[in-house]
Amino acid sequence: MQRPPQEDFSLKETKPHLGGGKVSGDKLTSTYDLVEQMQYLYVRVVKARDLPGKDVTGSLDPYVEVKLGNYKGTTRHFEKKSNPEWSQVFAFSKDRIQASVLEVTVKDKDVVKDDFVGRVLFDLNEIPKRVPPDSPLAPQWYRLEERNGNKVKGELMLAVWMGNQADEAFPEAWHSDAAAVSGADALANIRSKVYLSPKLWYLRVNVIEAQDLIPSDKSRFPEVFVKAILGNQALRTRVSMSKTINPIWNEDLMFVAAEPFEEPLILSVEDRVGPNKDEVIGRCAIPLQYVDRRLDHRPVNTRWFNLEKHVMVEGEKKEIKFASRIHMRVCLEGGYHVLDESTHYSSDLRPTAKQLWKSSIGVLEVGVLSAQGLSPMKTKDGRATTDAYCVAKYGQKWVRTRTIIDSFAPKWNEQYTWEVFDPCTVITVGVFDNCHLQGDKSGGARDSRIGKVRIRLSTLETDRVYTHSYPLLVLHPTGVKKMGEIHLAVRFTCSSLVNMMHMYSQPLLPKMHYLHPLTVSQLDNLRHQATQTVSIRLSRAEPPLRKEIVEYMLDVGSHMWSMRRSKANFFRIMGVLGVVISVGKWFDQICNWKNPITTVLIHILFLILVLYPELILPTIFLYLFLIGIWYYRWRPRHPPHMDTRLSCADTAHPDELDEEFDTFPTSRPPDIIRMRYDRLRSIAGRIQTVVGDLATQGERLQSLLSWRDPRATALFVIFCLVAAVVLYVTPFQAVALLTGFYTLRHPRFRYKLPSVPLNFFRRLPARTDCMM
């Protein structure tokens, strides 16, 4: 397969005019300074009074038309109301103004032709300017006039001013860019919005035992199990080994629950009376609002719940009164972090319970500037077009920019802010094509993905403004395709350097993940349920953040087997082992006297270390310290981005891509091949994950001295210097003795939480951020 030119996929640094000035890499202090200033003419239509009647009956169905040159926006209309209130804002981009007069007209809605009621004219040269955060401009009453300039009955309350996108009226305003869009639903769907993920909890249901179960067939030993249902999640215990009317399980079931809690936990005790035939012995419903919440590993109290059973008597449902009970321990786990993202790209690592949160360490600011060269995504009126918008996700906060209609080079210039609690997190920015501009008429249309960008905060220098143009890459069955470029401005500001450095010694996840760890299969199932819960809740917002958007941002399906990813992970391992191979070649050259001077120096060094073995460790640490200082001059200056060559996306064979885009289960005949093919993909997917994890560990070792994470490398370099000094003045025998005793210490002196070096190592960046 022919390799596309690599330069097409490169990251480019830009020099935009941020906050009104040309800034890149400098520290800015003003608010809303990470975007280019865009001037808008704002018109706030508040209300009208004493409007004259126009119909034969003397009634009036008023609405307001705001017209500026070729752009025209209208308010909703009221039926038979002479004192209407609209409270709508219109925004006209100054770059597209081709008129000198603003015309605000009140009209009467009619079947054939709308009647003219009156208008107000404004000279654009006399409109005042307002610079946020100034106080909002107060609206005032204006007398309506005829087209000939004579005053008529009725007044209109308006506020007209020149402002920019930092104005509080900007998000909810009707924009001249959306002049071709009609309908309240469609207009709401193109505005910028901020969404919050629902607060997710792990629900632990410890099923202990049941008492006095009455099966329908008393002549046989019951085979009883418990089924638990929460919304669209269903789990069951194994069949109890004690086949009596008092079965025992002592088994945990884990669910994902979202606040506000809407569905109760439904538990049913069932008897397996035959193959694929189960009989309900009793059932109970538990509202989650009344379930205990725990913050640590201390056990909660157990409770007995009454089981209800209903039978049909003469077509009516009647409850059987009997004291069947089930013994359980049910609690909402606040000490875990509910994983709804890929662990490689997590944007939040805090526990669910807010009481366990630590103070923030800084602020992340992102300016979504513009895009260039976007690919046509659909056909409208016989011509190709794209209606692009961006979605950014970090922590629990999702933001969505407004949709720019019919543009392959949209300019958003919107700025958003997030609190940062951990530097070792990732922000994801995706670009999509809006396919719902017709409101309900769009039917089952899905917003198309144009591409996304991931930025790991720990790879950013604090207080530096990064302005780069990122390639938007999407993998298709025909190969990797560049869909355009997105221009971002990013700044990570640290509020406490000490707290941020301290985070590198802390466990990556909350303590409960280590004190009472969940199994790998549990985490996979719970993550799937969490992503489904988040996508359902956000799709119910208004306007909705649709399921396909949420799943793409959360990397749903990224665990599936892919020959391309497996090869990429293999090459990553070979890249890590390449350092060892290079050292071996260098040593072979020393042994073969390729460079006599170097070989003689190595002989002298070897003789010194043999005679004085206490110099071995301090020399190694000092050497690492010097390497780290030497590499500082070549430290990375740009954020990592999607690397097509690292991902093997530009050399993938068509058959490999066909396999990667195949459905699961496979749609390829015949049936026996499908079964074997799916089994192979399942096994290979696990191998792929293990290989990727091995590559991640090796790349974290490489990042110790690469300055990819400047704070981590600084900590390690300082540690090497301190270790070198300490080991110079400390007898080697004492160090070796202490190290051996510490390694062989008794289990009672071992702590369940990971050690500080291990925590530091797990926080180091790897090249997973650059994988597609």
Side-chain angles (χ1 to χ4, degrees), residues 185-186 188-198 200 231-232 256 258 339-342 345 347 368 371 374-380 385-394 396-405 410 412 426-454 472-478 480-481 483-484 486 527-560 562 642 657 660-664 667 772:
D185 292 341
N189 195 47
I190 66 173
R191 290 172 176 160
S192 57
K193 291 290 180 182
V194 176
Y195 304 84
L196 289 178
S197 293
L200 300 179
N232 60 353
V256 174
L339 294 166
D340 60 343
E341 305 167 287
S342 172
Y345 315 126
S347 63
V368 183
L374 296 185
S375 298
M377 301 303 295
K378 58 178 177 282
T379 302
K380 186 191 301 180
T385 182
T386 296
D387 306 314
Y389 66 92
C390 293
V391 175
K393 198 268 183 190
Y394 184 78
Q396 294 181 331
K397 179 179 174 182
W398 300 66
V399 299
R400 170 179 172 162
T401 68
R402 70 191 190 282
T403 300
I404 304 298
I405 307 298
W412 293 285
V426 176
I427 182 173
T428 304
V429 181
V431 185
F432 304 90
D433 175 50
N434 196 332
C435 297
H436 294 83
L437 298 181
Q438 306 303 318
D440 296 335
K441 298 178 183 177
S442 301
R446 294 167 59 91
D447 288 354
S448 304
R449 58 184 68 170
I450 299 178
K452 65 183 173 185
V453 174
R454 290 187 291 254
L472 296 170
L473 307 176
V474 173
L475 197 65
H476 292 283
T478 56
V480 65
K481 182 179 179 183
M483 308 295 286
I486 182 172
R527 185 196 167 211
H528 172 72
Q529 294 299 336
T531 56
Q532 294 301 310
T533 301
V534 171
S535 64
I536 290 173
R537 288 291 179 92
L538 292 181
S539 65
R540 287 162 49 186
E542 189 58 43
L545 197 61
R546 303 185 184 277
K547 182 179 181 181
E548 63 268 21
I549 306 300
V550 176
E551 290 184 348
Y552 182 58
M553 297 290 288
L554 296 179
D555 285 303
V556 172
S558 60
H559 64 286
M560 297 296 291
S562 164
M642 300 280 189
L657 293 174
E660 183 170 347
F661 282 90
D662 189 13
T663 58
F664 190 85
S667 57
M772 291 183 65

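Computed from a predicted structure; not experimentally measured.
- Sorted by first and then second residue, the ring pair (Phe, Tyr, Trp, His ring centres under 6.0 Å) pairs involving residues 527-549 (not counting sequence neighbours) form an empty list.
- At a cut-off of 3.5 Å, with distance as the only test, a side-chain donor of Thr403 or Asn434 sits close to an acceptor on the other residue.
- Of all the heavy atoms in Gly430 and Lys452, the pair that sits closest is CA-CB, 3.8 Å.
- Around the NZ atom of Lys481, the shell of radius 6.0 Å holds no more than 12 heavy atoms that belong to other residues, nucleotides or ligands.
- The closest side-chain heavy-atom distance from Leu545 to Lys193 is not below 4.5 Å.
- Across all non-hydrogen atoms, the minimal contact from Ala388 to Val431 is CB-CG1, 4.5 Å.
- Side-chain contact check for Trp398 versus Met553: some heavy-atom pair is nearer than 4.5 Å.
- Under the 6.0 Å distance and 45° angle rule, Arg400 counts as a cation-pi partner of Tyr389.
- Summarising the geometry, atom CD belonging to Glu548 is positioned 9.0 Å from atom CZ belonging to Arg449; distances are rounded to the nearest 0.5 Å.
- With contacts defined as side-chain heavy-atom distances shorter than 4.5 Å, the pair Leu200/Val534 qualifies.
- Considering OG1 of Thr533 and CG of Asn232, their distance stands at 6.0 Å, rounded to 0.5 Å.
- Here the closest heavy-atom approach between residue Val256 and residue Gln529 is recorded as CG2-CB, 4.1 Å.
- Taking each heavy atom of Thr386 and Ile450 in turn, the nearest pair found is CG2-CD1, 4.1 Å.
- Between the CD1 atom in Ile405 and the OG1 atom in Thr385 there is a gap of 8.0 Å [rounded to 0.5 Å].
- In this structure the side chain of Ser539 never reaches within 4.5 angstrom of the side chain of Val550, judged on heavy atoms.
- Here the straight-line distance linking atom CD1 of Ile486 with atom CH2 of Trp412 works out to 5.5 Å at 0.5 Å rounding.
- Without hydrogens or angle criteria, His436 side chain to Asp447 main chain gives no donor-acceptor distance under 3.5 Å.
- When each of Val426, Ile427, Val429, Val399 is paired with Tyr394, the side chain to side chain contact (heavy atoms under 4.5 Å, CB included) condition holds for Ile427 and for no other.
- Distance check: Ser197 OG to Glu341 CD gives 8.0 Å after rounding to the nearest 0.5 Å.
- Heavy atoms only, all atoms of each residue included: Arg527 and Val556 are closest at NH2-N, 4.5 Å.
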Practice task
Before giving the answer on side chain to side chain contact (heavy atoms under 4.5 Å, CB included), spell out for Ile190 and Asp387 the whole-Å C-alpha distance, their side-chain angles and the decisive distance to 0.1 Å.
Solution key: CA-CA 9 Å; Ile190 66 173; Asp387 306 314; over 6 Å; no
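- Once rounded to the nearest 0.5 Å, the distance linking OG1 of Thr531 with CD1 of Ile536 reads 9.5 Å.
- Using a 4.5 Å heavy-atom threshold, the side chains of Pro543 and Tyr195 count as touching.
- Partners of Asp340 under the salt bridge (Lys or Arg N to Asp or Glu O under 4.0 Å) rule, at least two apart in sequence or in another chain, do not exist in this structure.
- Summarising the geometry of Lys393 relative to Ser347, their closest heavy-atom pair is NZ-OG, 3.2 Å, with the distance given to 0.1 Å.
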